[in-house]
Structures are given as structure tokens and as C-alpha cells.
Amino acid sequence: MKYNISFHPTTKSNLDSVDFNNIPFGKIFSDHMFVADYYDGEWRDLRIVPFGPITMSPANLTLHYGQAMFEGMKAFKNQEGAPVLFRPEMHAKRLNASGARLCMPELPEDLFLQALHELIGVDHAWIPTNSNSSLYVRPFMFATEEIIGVRPSSSYKFIIFTAPVGPYYDKPLKLIAANKYVRAVPGGVGEAKAAGNYAAGLLPTQEAHDGGFDQIMWTDNRDYQQIQECGTMNIFFIIGDTVVTPETNGAILKGITRNTLIHLLRDKGIKVEERAITIKELVAAHHAGTLKDAFGAGTAAVIAPVNEISYYENKDDANYKTIKLPTIESRDISISLKKELQEIRTGLRPDPHGWVHDVKVRDVATV
Ligand SMILES: *Cc1c(COP(=O)(O)O)cnc(C)c1O
């Protein structure tokens, strides 16, 4: 191990208080967190400590100007009951890509990976074993300098904490295409997992909910016709025998699930196109009977089927139209794709791409 990470175990584990058959989403946190502080040009004081509050000055730059970003990933148990991580190095790279866009310091990839492995190694008992449950892992970085001035902070905190999560309830989604708000534009911060992106999405999403929809289907800012993502997921369509997903053009978050699904589809010899796709093309395919499937893709849901898409033919139209997609049961490709990915992640199926990384268990009691 290259880095020296100190370990301060909790004196009272909360593990016994959790009902793993009924986990409220995102409200239960594991015993420990990894913390590192950046100042004077270096990451310092690497430590695993009990999960708990952090204090900060009201002048903390993050609170005012939002210099903050995060990652989201999951840990699983394999068939031997040992902890594993899925493509952690991709998350390390994306964390640094987000950080670069937000003028934040690089976190060495090997430090990210070592911290992740040691933390999961300590709290491995928090990984649920029920099917489709997992330990959600939340790495994030934010500015900590205390100064009222718009400029990059000279100090930062990087934290990883984890939360057991139950199965994602995949009710098929009703989407409404955006015709007023935009999530991202090329050259903006939509490609980064910048905290502010999610604040900007709250009002559009709330209005979509008020209109009876589950999620926004984000579109471009020129004529609101070019499809980008849905909610906080990448979006895929199956038209005829071809899988189509918007190309990453600076306004699309480069999802690791997106990348993984593209690999798995191409492995099976299924044609995947990463290209611009418009609402017009989608509607035309629907009327021609060739639009077979639409789904969101992201770490939380893996694949979330879409069963209705509402859209405005022209951006100034007062009324939307709705297309209904084929029944969920008919969607052979996405159903088997989801199963395949879930089986690779939990060791039920071979992992030809080397995506699954074993985590060494650390016996907390003997430390
Ligand atoms: C995180 C995220 C995704 C999905 O990325 P994964 O790496 O697959 O979890 C897609 N879109 C947005 C906007 C996101 O924030």
C-alpha cells in the first residue's frame, strides 16, 4: 500500500440497528468514512474515521459558489460472499475530469483506489446480500477555503462515505421532453458531476412531477429537439435492430453504465450507434413501428425502462403529444442486458473485461 491511511475505528457500530430487508433509500450510513484534506498543494491527513458531521465556517467557498462535485458507485458481494467493486478506476478518472472542469486539484487515482478499497474493506459487513441490493458509495470533493471572493479555493476536502441500498423499484418511466429548461450545453459543466447541475435540475423535475411525469427528457438549448439524457441517467433507444444513444458532445454526462452497456451490446454483435437523435426521428420510428425500446441507464437503476414519452412538436406549442412504447415484457434486449450486468457484478457470470475488482476484507476487531 503506497499511502499511509490512519484508521480510527468507531467505538459503537450501528450495523445491528439496520434491517437489511427494508432499507430506507439513502438515509442509513455505514460506520466509517474516508477523509483527506488538501492544502499547500498536497493531499494530507489521510484517515478513516467514524461517519459523522463535519464543521465549517459560514465563509466556506462551497456554500457560496458551489465548487463541489461527486461520484456515485456501488460495492457488491460476489458468490463467495467477498466484497467487490465495479470499474472503480473509471470513477477515479471521471472524478478528476469533473475536478479539472471546476478548477479543483487532482486526486491521484491510486490514492482514490486505495482509500476506496480500505474503506470497503473495513465496512464490508454493510454490503447487503439480498438480490439487487448493494452498498452505494459516494466519493465527493468540495472547497474549504474561508474567503468571500470568486476564485478557486486553495484548500479542499475529499470524503468517501457509503450507504446500504435496497433494490431499485423500477416502475416504467413516463418522460416529458424539456421545452423550456436545459440541463447542459456543450462547453458548460454538464459533463462534470458538478453539484450545481443537480440544484439546477430540481425545479424542472418538480414541474414534471406536477404534470404527472416521472422524469424530464433533457434536450438541447437551440430548438429543444435533440435528445440528451433522462433525469440523471443516460438514455438509450432501440430502433429496428440498432441501439442508439446520444453521442457525448460536451452536454452529456459520460456514464460508466452507458459505457458498460455499449461494450456488452457490441460483445453480442448488436449494433450500437452513438450519434445525435431528435424527437422527430423518435416519433417517426414510433409511427413506423420500429421504436422497440427506450431506457435510462445509470448506476442506481442500471436500466430503467421508459414506457411513455411526451413531447412538444415545436418548442412553442401549448400542448404535448404522447407516444406509448411497447410493453416492458417485450423488451428482450434490455431485460437480458440488465440481468447480464447484474450477474457480472456479483460474480454469477464471467467477467471478460476485468471490470470486477476484489476488495480485501479488513478485520476491524483486531486492529
Ligand atoms: C451520474 C450520472 C449519469 C450516470 O452515470 P453512471 O456512471 O452510469 O452512474 C448520467 N447522467 C447524469 C446527469 C449523471 O449525473
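These numbers come from a predicted model, not from an experiment. Numbering of ligands and ligand atoms starts at 1, following listing order.
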For Arg94, state whether at least one heavy atom is located under 4.0 Å from any atom of ligand 1. yes
Assess Met90 for proximity to ligand 1: is some non-hydrogen atom of it under 4.0 Å away? no
How about His32 and Phe7: are their ring centres within less than 6.0 Å of each other? yes
Nearest 0.5 Å, please: how far is NZ in Lys315 from CG in Asn221?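 Asn221 CG to Lys315 NZ: 10.0 Å, rounded to 0.5 Å.
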Looking only at protein heavy atoms, what sits closest to atom 5 (O) of ligand 1 is Gly255 CA, 3.4 Å
Who's the nearest protein heavy-atom neighbour of atom 3 (C) of ligand 1, and how far?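 I find the closest protein heavy atom is Thr232 O, 3.4 Å.
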Considering distance alone, does some N or O of [X] sit under 3.5 Å from an N or O of ligand 1?
{"X": "Lys193", "answer": "yes"}
{"X": "Thr299", "answer": "yes"}
{"X": "Tyr198", "answer": "yes"}

Trp126 and Phe29, any side-chain heavy atoms less than 4.5 Å apart: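 They are not in contact (no side-chain heavy atoms under 4.5 Å apart), so the answer is no.
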Indicate the ring-plane relationship of Phe236 and Phe295, choosing parallel, tilted or perpendicular according to the 30° and 60° boundaries.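 Parallel: the ring planes of Phe236 and Phe295 meet at under 30°.
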Give a yes or no answer on whether the side chain of Gln79 reaches the backbone of Gly347 with a donor-acceptor pair at less than 3.5 Å. no
Nearest non-hydrogen atom to atom 6 (P) of ligand 1 belongs to which of Leu253, Ile256, Asn234?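 Nearest option to atom 6 (P) of ligand 1, by heavy atoms: Ile256.
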Can you hop from Met73 to Val302 via hydrophobic side chains spaced under 4.5 Å?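 Result: no, two separate clusters.
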May I have the step-by-step check of side chain to side chain donor-acceptor pair (under 3.5 Å) for Glu145 and Ser154, ending in yes or no? CA-CA 6 Å; Glu145 194 175 343; Ser154 61; 2.8 Å; yes
Proximal atoms of ligand 1 relative to Arg183 (non-hydrogen, under 4.0 Å): 13 (C)
Within reach of ligand 1, part of Glu229 (heavy-atom separation under 4.0 Å):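 Side chain only.
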Which bit of Thr257 gets closer than 4.0 Å to ligand 1, counting heavy atoms only: side chain, backbone, both or neither? both
Just one of Phe161, Phe70, Phe112 clears the side chain to side chain contact (heavy atoms under 4.5 Å, CB included) bar with Pro139, so which one?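 With Pro139 as partner, side chain to side chain contact (heavy atoms under 4.5 Å, CB included) holds for just one option, Phe112.
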